[in-house]
Each structure stands twice: as structure tokens, then as C-alpha cells.
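Structure, as C-alpha cells:
Throughout, protein chains are lettered first and strands after them, A, B, ... in sequence-line order, and every chain is numbered starting at 1.
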Amino acid sequence: MKTRRGTDFARIYHIMLESYGPQGWWPLLRRAGQPGFDEEGYHPGIEPELHTTDRFEIAVGAVLTQNTSWKNVRKALRNLNDYFRISGTGLSPEAVCEIGRESLAELIKPSGYYNQKAGKLMILGSFFAGLQGIPEREELLNLWGIGPETADSILLYAFDRPVFVIDAYTRRIISRIDGSDLDASDRVYHRLQETIQEALPGDPLIYREYHALLVEHAKSRCMKRAPICDDCPVRSMCNFVVQIL
DNA sequence: CGCCAGGTGGGAT
DNA sequence: ATCCCACATGGC
């Protein structure tokens, strides 16, 4: 429940960066295969200049990945990009508004919750179609289907705002490291976000990398069915390791 | 097989 | 304020 003070978030970041290397988030499927981008759209080591279409693709991906694996989201994004490329418009807010909820649902089916998410994407498209400049966090939160994590992902990865994204992986890893029990409430979200933001410089590039590193650490090691604590880069700082010794 | 993934909103207590 | 549930596909 309570984050133990004293957990060294800056040190964890540096250790994970050293151990796993730059992650190249947020993946941009539309630019996959271009110089600096791998086949899945990751761009480790380079910070691409974002175009308007990239920002929208990131926002769409942020909605589609709600409680859903990126593997499934990638299929849905591929469908969207392919469909709108062939139709000539490319994936744009206007195109998403005009295609119709049914067709949209069909395209994003692999990402799950496709009826709900089709509705969310139409609202998102309508918002982006009228958007000028950078959205306020409150504006995003007022959209049906956008909660704190989705809003912060959009702000951080699409608009370079220095906000740290708290996701399920982050909560669970931090819970293990500092021996706390962080739930999914808005209050804990805010508290953990503030704590981490105070521990690190307000640099969007660092916040992006850190979040991506935590996800990598979770997927490859900490949140596997049987956690791999052998040779864990943060083993010496982790309360969970101590418990199972 | 069963479990769960880069959450959110709505409704009941 | 806090729980409980619906939403849904595909990978492991």
C-alpha cells in the first residue's frame, strides 16, 4: 500500500538501461523498416521526429493496448494502416471518423474488446481532428475511454510531455522491489507517478526509456510465471529476492 | 486447457 | 470510498 521511501528510482533506471539497452519506444508500425526502425517499428538509439500521423498512430495504439498484449495490437494496427493506405487517406483522425463503427470494429478485432474500442477510437479521432497544438491532460481524461495511463502515454510518447506512465508492470515491479503492495487505484497511480517524477529529471526521453525498460524487465524476467531472479540486474535492491532466499 | 495481456467505465454496496 | 463486473482476441 505504501511505497517505501528510499527506493532509488534513479539507480534502478541506470542499472536497467545498462543491462537491457535502449528500447526504442514507442513503436511506429507505419515506419517499420525505414532507416533506424526495425521490422516492428521500434527505433532503439534514435529519436525520430514525429509527424502528425505518427502522433495519431501512437494515440490509437495506446487505446488499443488497454489490457491487451502488444502482439494483438500490432495485428490491429497493421490492419488499420493497410486499410487506410489502400483507401488513399492513411490512418488519420478524419478517416477514422468516417469509416463507421462497424468497419472499424472489424479492422481492430485482433486487439480484443473491439466493439468498445471502436467507439473509443471514433471519439479519439474526433478529438484529434479538432486538435491544435498539445492537448491538456484534463482534456484527454474527459474523453470516454481514456484514463490516466492512456492519457499519460499519449502525452509522453506522442507529445513529448514529461509525464511518467504508470502501468501494471511498473506497479508490480516496484511492489516487489520495495516490498509494497501497490493497487490499481487512481490515488496510487498519482502517488507513484509523483514519486518517480521527483526522483528523476523532468526529461521526456528519460521517462520514455524508463517506462519501456520496466516493461522489458517485466516481460523477460520479473513477471514470468516463475520469476528469473538469478543474475537479476536489480537483485541487490530487491525485497522480493530477499523473501525467497 | 486455463490464464492473462503496456485499462476503463459503469453500477452496486 | 471500494469492490465487482463487462469488455474479447490470441499467445503461451
Side-chain angles (χ1 to χ4, degrees), chain A residues 1-2 13 16 20 22-29 40-44 57-80 101-102 104-124 127 137-158 161 163-176 181-193 196 204 207-228:
Chain A
M1 190 56 83
K2 207 174 166 197
Y13 166 69
M16 288 188 178
Y20 300 116
Q23 299 298 302
W25 277 36
W26 188 284
L28 291 169
L29 208 49
E40 297 180 352
Y42 293 93
H43 43 89
E57 190 194 290
I58 291 169
V60 168
V63 167
L64 292 182
T65 200
Q66 290 171 357
N67 202 40
T68 303
S69 71
W70 188 256
K71 283 252 174 67
N72 288 9
V73 174
R74 192 159 51 227
K75 293 173 190 289
L77 275 177
R78 178 111 49 206
N79 287 347
L80 290 172
R101 199 191 55 78
E102 307 260 311
L104 198 50
E106 196 59 33
L107 289 169
I108 65 172
K109 194 164 261 188
S111 75
Y113 310 126
Y114 51 86
N115 288 315
Q116 269 199 349
K117 284 175 178 174
K120 293 181 182 182
L121 290 190
M122 298 191 62
I123 291 168
L124 185 75
F127 177 75
R137 189 172 193 271
E138 278 307 314
E139 297 182 273
L140 291 170
L141 290 178
N142 284 336
L143 301 176
W144 184 85
I146 300 207
E149 182 184 337
T150 307
D152 287 342
S153 294
I154 292 171
L155 290 171
L156 176 62
Y157 287 105
R161 296 288 84 198
V163 289
F164 196 87
V165 176
I166 307 296
D167 62 11
Y169 285 143
T170 305
R171 271 197 311 276
R172 289 154 76 190
I173 291 173
I174 300 304
S175 292
R176 284 194 167 174
D181 180 23
L182 302 169
D183 61 50
S185 68
D186 283 5
R187 194 176 125 275
V188 167
Y189 186 101
H190 202 65
R191 240 175 54 63
L192 188 52
Q193 182 178 53
I196 295 182
Y207 290 175
R208 287 176 177 175
E209 197 63 72
Y210 199 173
H211 174 229
L213 286 165
L214 286 165
V215 174
E216 173 57 25
H217 178 68
K219 287 191 192 171
S220 68
R221 190 179 271 286
C222 193
M223 292 305 154
K224 287 206 172 286
R225 177 75 75 148
I228 307 172

- Task: Please identify each residue that fulfils side chain to side chain donor-acceptor pair (under 3.5 Å) with A:Ser175, with sequence neighbours left out.
- Result: none
- Message: Rounded to whole Å, please give me the gap between CD in A:Glu106 and C1' in C:dT9.
- Response: 13 Å
Can I get a per-line list of side-chain donor-acceptor pairs under 3.5 Å for residues 144-158 of chain A, giving both atom names and the distance, sequence neighbours left out?
| from | atom 1 | to | atom 2 | distance (Å) |
| --- | --- | --- | --- | --- |
| A:Thr150 | OG1 | A:Gln66 | NE2 | 2.9 |
| A:Asp152 | OD1 | A:Arg137 | NE | 2.7 |
| A:Asp152 | OD1 | A:Arg137 | NH2 | 3.4 |
| A:Asp152 | OD2 | A:Arg137 | NH2 | 3.0 |
| A:Asp152 | OD2 | A:Tyr189 | OH | 2.7 |
| A:Asp152 | OD2 | A:Gln193 | NE2 | 2.9 |
| A:Ser153 | OG | A:Glu149 | O | 2.9 |
| A:Tyr157 | OH | A:Arg208 | O | 3.0 |
| A:Tyr157 | OH | A:His211 | ND1 | 3.0 |

- Message: Restricting to side chain to side chain donor-acceptor pair (under 3.5 Å), what partner residues turn up for A:Arg171, sequence neighbours left out?
- Response: none
- DNA chain C contacts made by residues 113-121 of chain A, counting heavy atoms under 4.0 Å: A:Tyr113, A:Tyr114, A:Asn115, A:Gln116
Look for any protein N or O under 3.5 Å of an N or O in nucleotides 10-12 of chain C and output each such pair with its distance, or none.
| from | atom 1 | to | atom 2 | distance (Å) |
| --- | --- | --- | --- | --- |
| C:dG10 | O4' | A:Asn72 | OD1 | 3.3 |
| C:dG10 | O4' | A:Asn72 | ND2 | 3.0 |
| C:dG11 | OP1 | A:Lys75 | NZ | 3.2 |
| C:dC12 | OP1 | A:Lys71 | NZ | 3.3 |

Using a 3.5 Å cut-off and no angle test, enumerate the donor-acceptor pairs between side-chain atoms of residues 212-219 of chain A and protein atoms at least two apart in sequence or in another chain.
| from | atom 1 | to | atom 2 | distance (Å) |
| --- | --- | --- | --- | --- |
| A:His217 | ND1 | A:Tyr20 | OH | 2.6 |

- Task: Quick one: list whatever passes side chain to side chain donor-acceptor pair (under 3.5 Å) with A:Glu40, sequence neighbours left out.
- Result: A:Arg74
- Task: With sequence neighbours left out, write down each residue that passes ring pair (Phe, Tyr, Trp, His ring centres under 6.0 Å) with A:Tyr13, or none if nothing qualifies.
- Result: A:Tyr210
- Among A:Asn79, A:Val60, A:Leu64, A:Val73, side chain to side chain contact (heavy atoms under 4.5 Å, CB included) partner for A:Ile108: A:Leu64
- Message: I'd like the P distance from B:dC3 over to C:dA6, given in whole Å.
- Response: 16 Å
- Message: What's A:Leu143 touching, base or sugar-phosphate or nothing? Going by heavy atoms closer than 4.0 Å.
- Response: sugar-phosphate
- Return no unless some side-chain N or O of A:Thr65 is found under 4.0 Å from OP1 or OP2 of B:dA5. no
- Task: Report the distance from atom CG of A:Leu64 to atom C1' of C:dA8, rounded to the nearest whole Å.
- Result: 13 Å
- Message: Both A:Ala62 and A:Gly145 contact DNA chain B. Taking the nearest nucleotide for each, which residue is further toward the 5' end?
- Response: A:Ala62
- Distance between the P atoms of B:dC4 and C:dC5, in whole angstroms? 15 Å
- Could you give the NZ-to-C1' distance, from A:Lys219 to B:dA5, as a whole number of Å? 9 Å
- Under 4.0 Å between any heavy atoms, over every strand shown, what does A:Arg172 touch: base, sugar-phosphate, or nothing? Just pick one. sugar-phosphate
- Query: Taking the nucleotide of DNA chain B with the closest heavy atom to each, which residue, A:Leu141 or A:His211, is nearer the 5' end?
  - Reply: A:His211
- Message: Taking side chain to side chain contact (heavy atoms under 4.5 Å, CB included) as the definition, give me every residue that meets it alongside A:Pro227, ordered by chain and number, with sequence neighbours left out.
- Response: A:Arg176, A:Cys229, A:Phe240
- Message: Between P on B:dA5 and CD1 on A:Ile108, what's the gap in Å once rounded to a whole number?
- Response: 20 Å
- Query: Does the side chain to side chain contact (heavy atoms under 4.5 Å, CB included) test come out yes or no for A:Phe127 and A:Glu139, once each step is laid out?
  - Reply: CA-CA 9 Å; A:Phe127 177 75; A:Glu139 297 182 273; 4.0 Å; yes
- Could you tell me which residues satisfy side chain to side chain donor-acceptor pair (under 3.5 Å) with A:Ser220, sequence neighbours excluded, listed by chain and number? none
- Query: At under 4.0 Å between heavy atoms, what does A:Ile146 touch on the DNA or RNA strands: base, sugar-phosphate, or nothing?
  - Reply: sugar-phosphate
- Message: Listing request: all side chain to side chain donor-acceptor pair (under 3.5 Å) pairs with a residue in residues 104-115 of chain A, at least two apart in sequence or in separate chains.
- Response: A:Asn67-A:Tyr113
- Are A:Leu104 and A:Leu80 side-chain neighbours, meaning at least one heavy-atom pair lies under 4.5 Å? yes
Distances under 3.5 Å only, N/O to N/O: pair up the protein atoms with those of nucleotides 10-13 of chain B.
| from | atom 1 | to | atom 2 | distance (Å) |
| --- | --- | --- | --- | --- |
| B:dG10 | OP1 | A:Trp144 | NE1 | 3.1 |

- Could you state the atom-to-atom distance from CG of A:Asp167 to C1' of B:dG7 in whole Å? 10 Å
- C1' atoms of B:dA5 and C:dC3, separation to the nearest Å: 22 Å
